[in-house]
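Notes for the one structure printed next.
Here is how names work: the chains are called A, B, and so on, in the same order as the sequence lines, proteins then strands, and each is numbered from 1.
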Amino acid sequence: MRTMHCGAVTTADVGRRITLCGWVAKRREHGEHLAFIDLRDHTGIMQCVVEGTVDVRSEYVLQIEGTVAPRPEGTVNPQIATGAVELQDCVVSVLNAAEPPPFAVDDRADVDEPARLRHRYVDLRRPKMQRNLRLRAAVNSAIRRSMDTQGFCEVETPLLWAPTPEGSREFAVPSRLHQGKFYALPQSPQLAKQLLMVAGFDRYYQIARCLRDEDLRADRQFEFTQLDLECAFATEQEIRASVTEAVLDAAEAATGIRPDSVQTMTWKEAIDQYGTDKPDLRFEMRLIDLSEVFAGTEVKAFAAPCVKALRVEGGATMSRSQLDNLVDRAKSLGAKGLAWFKVTSNDGALGLESPLDRFLSDAERSQFLTTTGAAAGDLIVVVADEYRLTCSVLGTLRVDLGGKPVSEGPYRYVWIIDFPLYDGVDSDGRPEAAHHAFTMPHPEDLDRLETDPLSVRAQSYDLVLNGWELGSGSIRIHRADIQNRVFAAMGIDAEEAEERFGFLLGAFKYGAPPHGGFAFGIDRLVAIFAGENNIREVIAFPKTQSGADLLTGAPLELPAKQMTELGIRTVPKPV
RNA sequence: GGACCUGUGGUGCAGCUCGGAGUGCACGCCGCCCUGUCAAGGCGGAGGUCGCGGGUUCAAAUCCCGUCAGGUCCGCCA
């Protein structure tokens, strides 16, 4: 139907008779003798000149045959790529009429998101959304190429899978043939890919859809896409190298620039210095440890196992209400409170302005100023609490105070390694797996599994970009003796293990190779490359925060007949 | 489950504190005019359940209560 795309026409095509297809982006009529139609497809806009009147409206679907000609002197438009040429002697065919769109198909329009989602097919016609989804396609393509080149084999795994009690909440799918029973949609292909390792696919990958029935966020949707991979006979370093390669290939395809390095940091370093296991390394402002300064202090607010601070350069200009908000934010994050100190200067001598200042001893004040490296005009905020809580509160405040949107460059990738095997204890006092129950403990820490489980490091690792966790992975346990010890530490006995993971443990009896893997979120990666702070902008048909699809109206009730067939009956919501 | 923000013609906003006729702006839409525009221009016009329900009041877009929807965050996300 067409011989070229709108955005591809250049002065080299002058004189050619071409046919374009697209939508009316704009029309400009100048009476009965002249009209311009800007025809748009995903590649760009082409100005078509009509001698006479036209009977088209915005977003009409047209086929236009015409002759490429240079624009007359003085009418070149440098703002569009095809601005040096135009289409003349046009024959316009209306392929379809269109009602006026609910909002402008235009990047300039800042449209209400619900309206965009209700008319997503119009929204996706906007150049920005075209770019985002095509960028996503380019990233997928680069990742596939990278994995293929590295010798990985793509294997598809089931979407209808067995419910497993581990991990995040699953979506359940009722079975028609087995009434009263359910499949689960996979949170990830985790167990399937481990079975593939036993099966001898020593380098597996999949661009896999994962589904988790957890509350949505700017960086979380019910369904999301991961590059899922698993390797047998590979060390942690080798696996991370493969992932790094895939990510750098994707980055190069998306941005044109191949990052030259991905740094590595231990989990302990990340928590200590950045207060989070997903540090944003685009800015400094590390946590400053004041525990020594306030050891044995008389200041009640600072009598805690861990006292840490953030120095906010120039933060002393914050108003009382801004500071109150900061304190509220700290409390909402679980802190008992937040102490703040404005650093003042009096004839060159630094001082502090704070409700707490009068409680500090002279030695404390002096050490406080030295340790924080404070300068006049700074704001120091201090949290005193248990170690993990202090770090996490300040880690969040650090991003609140010094951070910038995730999508703003530069791109700072970092591997976080040596995670703890267990992340605290559950309500029964049993250690809980930080990653999952099949994560291999660090060999150096194996002998502490029974005596001091919370100190055991895992062979697990996360990849972080600009403060967003892209993904995580681990070396898996492939030996029954170690698996049993890890289960035992978590209070899972042989019977329970068999009940919960029987099919995996069974498979491992038939020659399980050492293996490990990784999975990272493509939605997040593409959002960052696209300059978006929200993954909905790189998903064709996303859901709202309450999990609704405004286009289709899902979720919806099923017809009674279908409910009967599935053996499902709903009950009123308990009050 | 919780906190905060938002909801006003098709779109984006202002009006809300301090109640007084659906009051205004920009874009879009419809009609007419216009031979080189390109976010075209000129003239005219249409278009409203101020999210919904209740309350206070002589009078509510505006104040109060509730509720729904959307967003950001906390919880949650092995």
For B/rC4, give its Watson-Crick or G-U wobble partner with both distances under 3.5 Å, or none. B/rG71
For A/F103 and B/rC13, what is the distance between atoms CZ and P respectively, to the nearest whole Å? 14 Å
Which part of the nucleic acid, if any, lies within contact of A/P72, taking any heavy atom under 4.0 Å across all strands shown: a base, the sugar-phosphate backbone alone, or nothing? base
State the pairing partner of B/rC25; accept Watson-Crick or G-U wobble contacts with both distances under 3.5 Å, and report none otherwise. B/rG12
Answer with yes or no whether A/Q47 presents, from its side chain, a donor or acceptor under 3.5 Å of a partner atom in the base of B/rU37. yes
Using a heavy-atom cut-off of under 4.0 Å over every strand shown, decide if A/A437 touches base, sugar-phosphate, or nothing. nothing
hbond_proxy A/R212 side chain to B/rC77 base (donor-acceptor, 3.5 Å cutoff): no
Spell out yes or no: do the side chain of A/R116 and the base of B/rG70 have one donor N/O and one acceptor N/O closer than 3.5 Å? no
Which whole number of Å gives the distance between the P atom of B/rG51 and that of B/rU6? 13 Å
Evaluate whether the aromatic ring of A/H30 and the six-membered ring of the B/rA40 base sit under 5.5 Å apart, centre to centre, with an inclination under 30°. yes
Describe the nucleic acid contact of A/A548 in one word from base, sugar-phosphate, nothing, applying a heavy-atom distance below 4.0 Å. sugar-phosphate
So what does A/S546 hit on the nucleic acid, given a heavy-atom distance under 4.0 Å: a base, only sugar-phosphate, or nothing? sugar-phosphate
Between A/E32 and A/P102, name the one whose nearest nucleotide on RNA chain B is closer to the 5' end. A/P102
Remember a base hit wins even if backbone is also touched, and classify A/R217 as base, sugar-phosphate or nothing at under 4.0 Å, heavy atoms. base
Could you verify whether a donor N or O on one side chain and an acceptor N or O on the other, from A/Y461 and A/D418, lie under 3.5 Å apart? no
Should the side chain of A/R220 and the base of B/rC76 be counted as holding a donor-acceptor pair, with the cut-off at 3.5 Å? yes
Base of B/rG75, side chain of A/D215 - is there a donor-acceptor contact under 3.5 Å? yes
In whole angstroms, how far is the C1' atom of B/rG70 from the NE2 atom of A/H119? 15 Å
Without swapping roles, check the side chain of A/R524 against the backbone of A/D219 for a donor-acceptor pair under 3.5 Å. yes
By nearest atom, which of the nucleotides B/rU72, B/rG70, B/rC34 is closest to the A/Q545 side chain? B/rU72
Examine the side chains of A/D324 and A/S321 and answer whether a donor and an acceptor come within less than 3.5 Å of each other. no
Inter-nucleotide P distance (B/rG71, B/rC33), Å rounded: 46 Å
Tell me whether the centres of the aromatic rings in A/W415 and A/F518 are closer together than 6.0 Å. yes
Closest approach to the side chain of A/L333, judged atom by atom: which nucleotide of B/rC34, B/rC29, B/rC74 is it? B/rC74
Under 4.0 Å between any heavy atoms, over every strand shown, what does A/A433 touch: base, sugar-phosphate, or nothing? Just pick one. sugar-phosphate
Opposite nucleotide pairing with B/rC63, Watson-Crick or G-U, both atom distances under 3.5 Å: B/rG55
Ring-ring centroid check A/H30 A/F36, cutoff 6.0 Å: yes
Scan every strand shown for a Watson-Crick or G-U wobble partner of B/rC76, both distances under 3.5 Å, and answer none if you come up empty. none
Between A/N534 and B/rU72, is there a contact of a side-chain N or O with OP1 or OP2 at under 4.0 Å? yes
Categorize A/Q79 for me: base, sugar-phosphate, or nothing, with a 4.0 angstrom heavy-atom threshold over every strand shown. sugar-phosphate
Side-chain donor/acceptor contact of A/R329 with base of B/rC74 under 3.5 Å: no
Can you tell me how far P of B/rC33 sits from CG of A/L34, to the nearest Å? 16 Å
Which part of the nucleic acid, if any, lies within reach of A/T75 when heavy atoms closer than 4.0 Å are counted: base, sugar-phosphate only, or nothing? base
When we call it a touch if two heavy atoms are under 4.0 Å apart, what does A/D423 touch: a base, just sugar-phosphate, or nothing? nothing
Could you tell me how far apart A/K331 (NZ) and B/rC4 (P) are, to the nearest whole angstrom? 15 Å
For B/rG41, the Watson-Crick or wobble partner whose two distances fall under 3.5 Å: B/rC33
Quantified in whole Å, what is the P atom distance between nucleotide B/rC27 and nucleotide B/rG42? 9 Å
In whole angstroms, how far is the P atom of B/rA39 from the CG atom of A/D106? 10 Å
In whole angstroms, the gap separating P of B/rC38 from CZ of A/R71 amounts to 11 Å
Is there ring stacking between A/F36 and B/rU37, where the centres must be under 5.5 angstrom apart and the planes under 30 degrees? yes
Indicate whether any N or O donor in one side chain lies under 3.5 Å from an N or O acceptor in the other, for A/E170 and A/Q187. yes
Taking the same atom, P, in B/rU11 and in B/rG48, what whole-Å distance lies between them? 13 Å
Quote, to the nearest angstrom, the C1' distance that separates B/rC13 from B/rG7. 13 Å
Reckon A/Q190 touches a base, only the sugar-phosphate, or nothing at all at heavy-atom distances under 4.0 Å? base
Quantified in whole Å, what is the C1' atom distance between nucleotide B/rG19 and nucleotide B/rC74? 37 Å
A/S474 and A/R476: side chain donor to acceptor below 3.5 Å: yes
Residue-phosphate contact under 4.0 Å: A/R28 side-chain N/O, B/rA40 OP1/OP2: yes
Taking the six-membered ring for Trp and the single ring otherwise, decide whether the centroids of A/H436 and A/F501 are under 6.0 Å apart. no
From CZ of A/R27 across to P of B/rC29 the rounded distance in Å is 6 Å
NZ or CZ of A/R212 within 45° of A/F171 ring axis and under 6.0 Å: no
Side chain of A/E86, base of B/rG36: donor and acceptor closer than 3.5 Å? yes
Just compare B/rA40, B/rG36, B/rA39 and give me whichever is closest to any side-chain atom of A/K26. B/rA40
Quick check for you: among B/rA40, B/rC34, B/rU35, whose closest atom lies nearest to any side-chain atom of A/E29? B/rC34
Does the distance from a Lys or Arg side-chain N to an Asp or Glu carboxylate O, for A/K193 and A/D228, drop under 4.0 Å? yes
In whole angstroms, the gap separating P of B/rC77 from CD of A/E214 amounts to 6 Å
Regarding A/R536, tell me which of base, sugar-phosphate or nothing describes its non-hydrogen contacts under 4.0 Å with the strands shown. sugar-phosphate
Between B/rG53 and B/rU72, how far apart are the two C1' atoms, rounded to whole Å? 27 Å
Starting at the 5' end of RNA chain B, which residue's closest nucleotide do you reach first, A/N533 or A/N77? A/N77
Roughly how far apart, to the nearest Å, are B/rG28 and B/rA39 at atom P? 12 Å
